[in-house]
Amino acid sequence: MSNARGHQTQWAAQFAVASELCKRGYEVAFTSGHTTPIADLMAVSPVHKAMFLVDVKGLYRVNPWLIKRKPTRANLFYVLAFVPRDEPNQYFIMSQHAVTSLIESELKRLARADDYPVTGFVYKAALPYQGAWDTLPE
């Protein structure tokens, strides 16, 4: 994949996730630039007005989800967005704990050191989290 296609996929994923959150009553703001390494979106829940962060990962074809581990934050969630050109989008909503657990399981499965520089997990590992919007704060 070219850098341009990867850039387009990430933007498509971020806008798609923001749209889905808005349709569900969340207030959403984009974080911008490389000065915001923690997450791509800030959101406020519709019921309890709790602020939380969303890190969006996008793919346009089935590939491993490449995700770096981050220091634990109580209010960080991940939405993995599959945004193919000619099919409906799919969303996999996960807590930071779930993502970290999948990364660690994948490192173990591949017999890689804990400090291995490239981390993530296979596409199908996210399938149980498809459409799990109730993972996010109310």
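Since the model is a prediction, treat every value here as computed from it, not as a measurement.
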Peer 1: Please check: side-chain N/O of T31 versus main-chain N/O of D40, any donor-acceptor pairing under 3.5 Å?
Peer 2: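 Pair found, side chain donor or acceptor close to backbone of D40.
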Peer 1: Could you tell me whether E138 atom CD has more than 12 heavy atoms of other residues or ligands within 6.0 Å of it?
Peer 2: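 Counting neighbours around CD of E138, 12 or fewer heavy atoms of other residues, nucleotides or ligands fall under 6.0 Å, so no.
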Peer 1: Provide the closest heavy-atom pair for A126 versus W65 in the form atom of the first, atom of the second, distance.
Peer 2: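 So the two residues come closest at CB-NE1, 3.7 Å.
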Peer 1: Just checking Y129 against Y78, ring centres under 6.0 Å apart?
Peer 2: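 So the answer is no for these two rings.
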Peer 1: So which atom in A39 and which in L53 form the shortest heavy-atom distance, rounded to 0.1 Å?
Peer 2: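 Shortest heavy-atom contact: CB-CB, 3.6 Å.
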Peer 1: Which heavy-atom pair separates F30 from L41 by the least distance, and what is that distance?
Peer 2: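 Taking every non-hydrogen atom into account, CD2-CD2, 3.5 Å.
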Peer 1: Cationic tip of R24 within the cone over Y26's six-membered ring, i.e. under 6.0 Å and within 45° of the normal?
Peer 2: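 No.
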Peer 1: Can you tell me how far apart NZ (K57) and NZ (K68) are? Round to the nearest 0.5 Å.
Peer 2: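 One finds 8.0 Å between NZ of K57 and NZ of K68.
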Peer 1: Would you sort out whether Y91 and W133 count as a ring-ring contact (aromatic ring centres under 6.0 Å, His included), showing the intermediate values?
Peer 2: CA-CA 9 Å; Y91 304 97; W133 295 103; 5.5 Å; yes
Peer 1: For F15, is there any backbone N or O sitting under 3.5 Å from a side-chain donor or acceptor partner on E20?
Peer 2: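 No; judged by distance alone, with no hydrogens or angles, the pair does not exist.
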Peer 1: Same cluster for L127 and M94 if Ile/Leu/Val/Met/Phe/Trp/Tyr side chains link at under 4.5 Å?
Peer 2: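 Hydrophobic grouping puts L127 with M94.
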Peer 1: Do any N or O atoms from the side chain of T9 and from the backbone of Y60 form a donor-acceptor pair under 3.5 angstrom?
Peer 2: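 Looks like no, no N/O pair under 3.5 Å.
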Peer 1: Aromatic rings F77 and F52: how do their planes relate, parallel, tilted or perpendicular, breaks at 30° and 60°?
Peer 2: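 Ring orientation of F77 relative to F52: perpendicular.
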Peer 1: Closest heavy-atom contact between T135 and S95?
Peer 2: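 Heavy atoms only, the tightest pair is CG2-N, 3.8 Å.
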Peer 1: Do we see a donor-acceptor contact under 3.5 Å between the side chains of Y116 and D114?
Peer 2: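 Checked: Y116/D114 side chains show no N/O donor-acceptor pair below 3.5 Å.
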Peer 1: How far does CD1 of I67 sit from CD of Q96, to the nearest 0.5 angstrom?
Peer 2: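 Those atoms lie 11.0 Å apart.
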Peer 1: Please indicate whether K49 has more than 12 foreign heavy atoms, meaning atoms of other residues, nucleotides or ligands, lying under 6.0 Å from its NZ.
Peer 2: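 Correct, the count exceeds 12.
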Peer 1: Any side-chain to backbone donor/acceptor pair from T100 onto H97? Under 3.5 Å, distance only.
Peer 2: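 A pair under 3.5 Å: no.
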